[in-house]
J.: 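Next up is a structure, given as C-alpha cells.
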Amino acid sequence: MAGAYFSKGVFLFILVILCVNLLSCASRHSPASTQKLKVHKHLKRLNKTPLKTIQSPDGDIIDCVHISHQPAFDHPFLKDHKIQMRPNYHPEGLYDDNKVNTESKEKENTIKQLWHVNGMCPEETIPIRRTKEDDVLRASSVKRYGKKKPTSLPVPRMIPKSADPDLVNESGHQHAIAYVEGEKFYGAKATMNVWEPKIQQPNEFSLSQIWILGGSFGEDLNSIEAGWQVSPDLYGDNNTRLFTYWTSDAYQATGCYNLLCSGFIQINNNIAMGASISPVSAYRNSQYDISILVWKDQKEGNWWMQFGNGYVLGYWPSFLFSYLADSASMIEWGGEVVNSEPDGQHTTTQMGSGQFPEEGFGKASYFRNIQVVDKENNLKSPKDIGTFTEQSNCYDVQTGSNSDWGHYFYYGGPGKNPNCP
C-alpha cells in the first residue's frame, strides 16, 4: 500500500516537473521571447566592443570602435579589404572651401555634434552611435530596422503636375527638390541650412539631402544619400541629425542609414553618423549651414563623402552598386517628408524651416552653391536644373542664381494649411 502511495507521489512529482518544463519551453519560444532574442542578436551584431565610450548630453552613447572592427567589415566581400585612408582625387571647382566667404565659413564652423562636449574619439577609432533595444523595437521588424521604405524616391518624370492628390500621396512620401539629369555625373556638392522641423506623428520624418542616383526608377535603382534629418522612429527623439543612406535595389533589401549595416567604411574619428548636430537655424535669426560633398574616386571606384570644410568621413566601396559602379545618371537636392495622413488629412510635419520658399533668407530653408562633379573631376555649375514637388500648396521649391550663392533654391513648407487640407 505504501509502495502504491509512493509510486503515485513520484508520478505526480514527475508530472509537475514536466508541466513546469513545458510551460518554460512554451514561454521561451513564445513570439515575444523569440522577438527579444532576435533583437539582442541584432544589437550584438551592430554594437561593436568600444575602446572608449562617450555619453552625449542628448542621451546618445557614442562608442569609439577600432577602425578595423566597424560594421562594414561584417560584409563577406570586405573580409580582407585594405582600408583606403584617403581618396586619390578631390574635386576642385568654383566654390572651393578656401574661397567660401568668411561669414558663412565662421557660421559653418560653429556647427558641432553634441557629443563633442564630453570628449572625442582617439586616433584609429571611429565614433559610432550605439543602437539601443528601444531603437530596434520601434521598427516594423528587426529586418527593416535602419531602412527606408521601398516607396521613398522622388520620381520627377513620372508624376504629372495635374495628378490626383490621392495618387500623389500613394507612397506616403512628399518632396520638394531640384534635379539634373541627362549626362554622366561623378558627384555633387551643396551647402544647406540646418533646421529642426516639427514632426506630427512618430512614424513620420523630415529630411534635407543630396541624392546620387543610377539606374532606372524600378527595382534596380542605385542611390547614395547624405544630409540632415529629424526622425523620431529611427532615433527616438526630435533632434536634427547628420545621416547617410545607400541602396542598390530601390530600398528593397540592400542598404541602410548610417552604419546600421555593412557598407559604408568610415575613416574619420570626429564625426558620428546619426549623431545630433547643433546649433540649428532659427526663424528671423542666425542661420547655420553645412556643406556636403559626395564624389567618385575614379581610380579606385569608391564613392567618398566629405562633411564641412575638411572632414572626409569615408567611402562606399564600388562593389556595393551596379550602375553607380560607373557613374550617376541623376542628381537631386532637396527635402522629403513622410505624410501618413493622420485623421485622413495632410500631415502638419514641416519640411525644412516649415516656411514656403518665397519667405526668403532667414525664414525659409535653402540649398546654395549646388554643383556637380564631371568626368574630369571638376566641380561645376549644373545645367538645365529642373524642380519637382508633388503638391506645391503643401511644400514648394524656387530656384535662383547669383555670384555669391551660384545656383541655389529655397524649398519647404508647413504641410497642412488652408490650401493643403
J.: Below 30° counts as parallel, above 60° as perpendicular, anything between as tilted: where do the rings of Tyr257 and Tyr245 land?
T.: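 It falls in the perpendicular class, over 60°.
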J.: Can you find a side-chain donor-acceptor pair between His346 and Gln174 that sits under 3.5 Å?
T.: yes
J.: Distance check, rounded to the nearest 0.5 Å: Thr49 atom OG1 versus Asp63 atom CG?
T.: 9.0 Å
J.: Look only at the side chain of Gln298 and the backbone of Lys375, and say whether a donor-acceptor pair between them is shorter than 3.5 Å.
T.: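 Pair found, side chain donor or acceptor close to backbone of Lys375.
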J.: Counting heavy atoms not belonging to Asn419, are there more than 12 under 6.0 Å from its CG?
T.: yes
J.: Under the 3.5 angstrom rule, does the side chain of Ser56 hit a backbone N or O of Ile61 as a donor-acceptor pair?
T.: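 No.
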J.: How about Cys420 and Tyr395: do any of their side-chain heavy atoms sit closer than 4.5 Å?
T.: no
J.: Answer yes or no: is there a donor N or O on one side and an acceptor on the other, between the side chain of Gln371 and the main chain of Ala190, under 3.5 Å?
T.: no
J.: Using only atom types and a distance under 3.5 Å, with no angle test, would you say the side chain of Asn339 pairs donor to acceptor with the backbone of Glu341?
T.: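 Yes, the answer is positive, given that a donor and an acceptor are paired below the 3.5 Å cut-off.
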J.: If every non-hydrogen atom of Trp115 is compared with every non-hydrogen atom of Ala272, which pair is closest and at what distance?
T.: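 Residues Trp115 and Ala272, closest heavy atoms: NE1-CB, 3.7 Å.
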J.: Can you check ring-ring contact (aromatic ring centres under 6.0 Å, His included) on His66 and Phe73, steps first, answer last?
T.: CA-CA 11 Å; His66 193 277; Phe73 297 112; 9.9 Å; no
J.: If you take all heavy atoms of Ile267 and Gln84, which pair is closest and at what distance?
T.: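 In this case the closest contact between Ile267 and Gln84 is CG2-O, 3.7 Å.
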J.: With rounding to the nearest 0.5 angstrom, report the CZ to SG distance, Arg144 to Cys256.
T.: 11.0 Å
J.: My understanding is that only residues two or more places apart in sequence, or in another chain, count here; which of them pass ring-ring contact (aromatic ring centres under 6.0 Å, His included) with Phe264?
T.: Trp316
J.: Does any part of the side chain of Met330, heavy atoms only, come nearer than 4.5 Å to the side chain of Val180, both counted from C-beta?
T.: no
J.: Determine, step by step, whether Asp297 and Asn377 satisfy the side-chain contact (heavy atoms from CB on, under 4.5 Å) criterion, reporting the C-alpha distance in whole Å, the side-chain angles of both residues, the deciding distance to 0.1 Å, and the verdict.
T.: CA-CA 9 Å; Asp297 179 342; Asn377 204 43; over 6 Å; no
J.: Decide yes or no for Ile67 and Ile83: does some side-chain heavy atom of the first lie under 4.5 Å from some side-chain heavy atom of the second?
T.: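 Answer yes - side chains close enough.
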J.: Does a sphere of radius 6.0 Å around CD in Glu124 hold more than 12 heavy atoms from other residues, nucleotides or ligands, not counting ones at 6.0 Å or beyond?
T.: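 No, because the 6.0 Å sphere around CD of Glu124 holds 12 heavy atoms or fewer from other groups.
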J.: Report, as yes or no, whether the 6.0 Å neighbourhood of atom NZ on Lys52 holds more than 12 heavy atoms from other residues, nucleotides or ligands.
T.: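 Check passes, neighbour count above 12.
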J.: In this structure, are over 12 heavy atoms from other groups packed under 6.0 Å from Glu123 atom CD?
T.: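 12 or below, so no.
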J.: Is any side-chain heavy atom of Tyr283 closer than 4.5 Å to a side-chain heavy atom of Glu359?
T.: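 SC-SC contact between Tyr283 and Glu359 confirmed.
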J.: Checking side-chain polar atoms at under 3.5 Å, does Thr191 have a donor or acceptor matched by the opposite partner on Ser291?
T.: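 Yes, side-chain donor-acceptor contact under 3.5 Å.
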J.: Any non-hydrogen side-chain atom of Thr387 less than 4.5 Å from a side-chain atom of Thr399?
T.: yes
J.: Looking at every heavy atom in both Pro71 and Ile128, which two are closest together, and how far apart are they?
T.: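 That would be CD-CD1, 3.7 Å.
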J.: Once rounded to the nearest 0.5 Å, what's the spacing between atom OH of Tyr89 and atom OH of Tyr186?
T.: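 Between Tyr89 OH and Tyr186 OH, I get 14.0 Å after rounding to 0.5 Å.
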J.: First locate atom NZ of Lys148, then atom CH2 of Trp246, and finally report the distance between them rounded to the nearest 0.5 Å.
T.: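 The NZ atom of Lys148 sits 14.0 Å away from the CH2 atom of Trp246.
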J.: I need the single residue from Lys48, Lys79, Lys44 that forms a salt bridge (Lys or Arg N to Asp or Glu O under 4.0 Å) with Asp74. Which is it?
T.: Lys48
J.: Step by step, would you call Leu324 with Ile212 a side-chain contact (heavy atoms from CB on, under 4.5 Å)?
T.: CA-CA 9 Å; Leu324 288 179; Ile212 312 282; 4.2 Å; yes
J.: Between His75 and Phe319, is the ring centroid distance below 6.0 Å?
T.: yes
J.: Should the heavy atoms of other residues, nucleotides or ligands under 6.0 Å from NZ of Lys416 be counted, would the total exceed 12?
T.: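 Result for NZ/Lys416: open.
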J.: How far apart are the closest heavy atoms of Ala282 and Gln287, and which atoms are they?
T.: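 Scanning both residues completely, I find the closest heavy atoms to be O-NE2, 3.0 Å.
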J.: Are the ring centres of Tyr411 and His175 closer than 6.0 Å?
T.: no
J.: Quick check: do Glu225 and Thr244 have side-chain heavy atoms less than 4.5 Å from each other?
T.: no
J.: Heavy-atom count around Glu133 CD within 6.0 Å, excluding the residue itself: above 12?
T.: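 Correct, the count exceeds 12.
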J.: Quick one: closest heavy-atom pair of Gly412 and Ala176, and the distance?
T.: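 Heavy-atom minimum between the residues: N-CB, 4.4 Å.
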J.: Between Phe361 and Tyr410, does the ring centre distance come in under 6.0 Å?
T.: no
J.: Thr254 and Asp249: side-chain donor and acceptor closer than 3.5 Å?
T.: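 Yes, because at least one side-chain N or O of Thr254 sits under 3.5 Å from a partner of the opposite role on Asp249.
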J.: For the residue pair Asp60 and Gly274, what are the closest heavy atoms and their distance?
T.: OD2-O, 4.4 Å
J.: Please tell me whether His90 and Trp304 form a close aromatic pair, meaning their ring centres lie under 6.0 Å apart.
T.: no
J.: In Å, rounded to the nearest 0.5 Å, how long is the span from CG of Asp396 to CD of Gln398?
T.: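 The CD atom of Gln398 is 6.0 Å from CG of Asp396, to the nearest 0.5 Å.
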J.: Do the side chain of Arg129 and the main chain of Tyr235 share a donor and acceptor less than 3.5 angstrom apart?
T.: yes
J.: Of Leu242, Val280, Leu207, Ile290, which is the lone residue that meets side chain to side chain contact (heavy atoms under 4.5 Å, CB included) with Trp228?
T.: Ile290
J.: For the CG atom of Leu51 and the OG1 atom of Thr125, what is their distance to the nearest 0.5 Å?
T.: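 With rounding to 0.5 Å, CG (Leu51) is 6.5 Å from OG1 (Thr125).
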J.: With side-chain contact (heavy atoms from CB on, under 4.5 Å) as the test, would you mind laying out the steps for Asn222 and Ser322 before giving the verdict?
T.: CA-CA 7 Å; Asn222 290 195; Ser322 49; 3.2 Å; yes
J.: Start with the C-alpha distance between Tyr179 and Trp211, add both sets of side-chain angles, then the distance that settles ring-ring contact (aromatic ring centres under 6.0 Å, His included), and finish with yes or no.
T.: CA-CA 9 Å; Tyr179 67 93; Trp211 286 262; over 10 Å; no
J.: Test Ile126 against Asn269 for side-chain contact (heavy atoms from CB on, under 4.5 Å), laying out the working first.
T.: CA-CA 4 Å; Ile126 64 159; Asn269 66 324; 5.6 Å; no
